[in-house]
Amino acid sequence: MHERNPYRIPPDFAVLCDSYEKLKPYIISDPASSRTTIDFKDEEAQRRLTEAIMHRDFGVTLHIPLTRLCPPVPNRQIRRLNYALWMQDIVRAHEVALGSQLRTRHLNVHPPKRDRIDRDLSFSFVQAGTDLELDDESYASAQHNVSQNNMQSRIHIEKASPDGLILFPLECNHDSFTFTMCNPPFYGSADEVAQSAQEKELPPNAVCSGAEVEMIYPDGGEEGFVGKMVEESERFQTRCKWYTSMLGKMSSVVTIVGILRQRSISNYAITEFVQGQTRRWAIAWSFTDTRLPDSLARIPSILPKHALYSCMPPRNTLNQAFPGYTIQDVHAKLGDTLRGVNGVSCNEINSMGTNSNPFLVEAQENTWSRSARRSRANNNSRKPSSALEEGMTTTAPDPALTCSCRVNIDTGLSEEDGGEPLCAIEIQWIYGKDRALFESFAGHVGRKVGSSLRTEGKGIVGF
Ligand SMILES: C[S@@+](CC[C@H](N)C(=O)[O-])C[C@H]1O[C@@H](n2cnc3c(N)ncnc32)[C@H](O)[C@@H]1O
C-alpha cells in the first residue's frame with residue numbers, strides 16, 4: 001500500500017459514526033474480531049459507509065445511487081487512493097529532490113489546468129478536473145454531487161458518447177492536461193462478469209451493484225477500452241502529459257504494453273496495487289521527454305521469472321556501487337568528474353536530509369565519448385563558424401539530456417554483495433529523447449569515478 005495512504009490502518013466504524021449519523025443504523029458488531037463493522041452484502045450500508053468516509057476525511061457530501069457502482073470500502077477505496085497517490089508522485093517526480101532548479105526548466109510544474117480526477121482528495125496538485133461520463137444516470141448523479149459540494153468551478157462533468165472518442169475533451173479544448181485517470185469497464189460481456197463472479201473474484205461478503213455500462217465494454221473489455229485510449233492518445237500527443245489507466249487483469253497489462261511497444265511509445269510506467277488477496281495494476285504513458293524514476297515506473301519487487309518482468313519499461317535509474325568507500329569519497333570524485341566533462345553544466349543542489357547532495361546535470365550533446373572528443377579536436381583546428389564570426393546571438397535550446405547524479409547508500413546492491421551497505425552512485429534520467437545518450441553519459445561517469453578511486457584498490461559493482 002502507498003506509504004501516504006491514510007487507510008493503512010482500517011478506520012474504526014464506531015468512531016466514524018460520530019461524524020456521520022446516517023451510518024449508525026448499519027453498524028453491527030463482528031464477533032470474530034470484537035470490532036464494529038457493517039454487513040457488506042447490504043447495499044444501503046455500503047453506501048452509507050462510503051459517504052461517511054468521504055464526508056469525514058475529504059469534506060465531501062456524496063450521494064451514490066443504489067443502481068450504480070459503489071466501491072466497497074475500504075478495499076477499492078484504498079486502491080483508488082493508491083492510484084491517486086501514484087498519480088501525484090508522477091506529477092511531482094523529481095520535484096522533491098531538485099525543487100526550484102527544475103521548475104525553471106522544461107519540467108516546470110505549472111498549476112495543472114483540467115485534469116480528470118474524481119475528487120482532489122485534498123491534494124493541492126489538482127486544481128481543476130474534467131470527469132467523463134457516458135451513462136445518463138451516472139452523469140446526473142455526478143452533476144448533483146459536484147453542485148451540492150459547490151465544486152462547479154473545479155470539476156466539469158462532460159457527457160461522453162459511445163461512438164465518440166474517449167479522450168474527446170482533448171479534441172475540443174485548447175488547454176493542456178497534466179494527466180488523465182481511468183477506471184475502465186473491466187469486462188467484455190455479461191458472460192465474463194458471471195464467470196468472474198463464479199471464480200470468486202469478488203469477495204463473498206461484498207456486493208457489486210454496477211450497471212452494465214459501468215462493467216462492460218463490448219469492444220474488448222478493459223483491454224479494448226485502454227487500447228482505444230492509447231490509439232487516441234497518439235493523435236493528441238503532448239496535449240496531455242501523462243495518459244493513465246487502472247487495469248484489473250495482469251493479462252491486460254501485457255496486452256497494453258504490447259500495444260504501446262507496437263506504436264513505439266517507450267516512455268511508460270507500470271505499478272501494482274496489492275490489497276489483501278487482490279492485485280490491480282495501473283499503466284501510464286507519455287509522449288513528452290520527461291523520464292520517471294524506476295521507483296515509480298517499474299514494480300520494484302518484480303523478479304525476472306515473473307510474467308510482467310519483460311513488460312517493465314527500460315530503466316531510467318542506473319546505479320553503480322563502490323564498495324568500501326565513504327559517501328564523502330565518492331561524492332567528491334563524482335563532483336570532480338561531472339565538473340570536468342566538457343560542455344556539460346553541473347549544479348550541486350542543496351537538499352537537506354538526503355544521503356548526499358545531488359548534482360543536476362545538463363548536456364546539449366555527447367561531448368564525452370572518444371569519438372565526440374576526436375571530432376571536437378578536429379573542429380577546433382578549423383575556422384570558427386560564420387554565425388559566431390558575425391557576432392549573431394543564439395538562444396540556448398533545451399538540453400538534450402538532463403539527469404541527476406547522487407551518492408546513496410544502496411541497500412539493494414548491498415544485499416547482492418553479501419549484506420554490507422554499499423556506497424553507490426545513482427544516475428537518474430530526468431529529461432531527454434535519446435536513451436543511448438543517457439546510458440553513454442552514465443557509463444562515462446561510472447568509469448571515470450571508478451578509475452579515480454581505483455588507486456585505493458577496492459571493487460566496483462553496477463551499471
Ligand atoms: C468501472 S466504471 C468506473 C466508474 C467511476 N469512475 C469509478 O471509478 O468508480 C466505468 C465507467 O466508464 C464509463 N464509460 C463507459 N464507456 C465510456 C466511454 N466510451 N466514454 C466515457 N466513459 C465511459 C461508464 O459509464 C462507467 O461510469
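Please read these numbers as outputs of a predicted model, since none were measured by experiment. In each ligand, atom 1 is the first atom listed, and ligand 1 is the first ligand listed.
- Of the N or O atoms in Ser161, none lie within a sub-3.5 Å distance of an N or O in ligand 1.
- In this view, Arg315 satisfies the side chain to side chain donor-acceptor pair (under 3.5 Å) rule with no residue, not counting sequence neighbours.
- Of the listed options Ser141, Pro162, Ala160, Ala160 places a heavy atom closest to atom 20 (N) of ligand 1.
- Near Leu69, with a cut-off below 4.0 Å to any heavy atom, the atoms of ligand 1 are 1 (C), 2 (S).
- The proximity of Phe225 to ligand 1, defined as any non-hydrogen pair under 4.0 Å, is limited to the side chain.
- Nearest-residue assignment for atom 12 (O) of ligand 1 (options Cys182, Ser138, Pro185, Gly164; heavy-atom criterion): Pro185.
- Of the options Arg291, Glu426, Gln428, a side-chain hydrogen bond (donor to acceptor under 3.5 Å, both in side chains) to Thr317 is made by Gln428 and by none of the others.
- Taking the six-membered ring where the residue is Trp, His144 and His63 present perpendicular rings, their angle passing 60° and hence far from 30°.
- Between Glu272 and Arg280 there is no salt bridge, since no side-chain nitrogen of the basic residue lies less than 4.0 Å from a carboxylate oxygen of the acidic one.
- Residue pairs meeting the side chain to side chain donor-acceptor pair (under 3.5 Å) criterion with at least one member in residues 296-307: none, sequence neighbours excluded.
- Using a 4.0 Å cut-off to heavy atoms of Val213, the atoms of ligand 1 that qualify are 15 (C), 24 (C), 25 (O).
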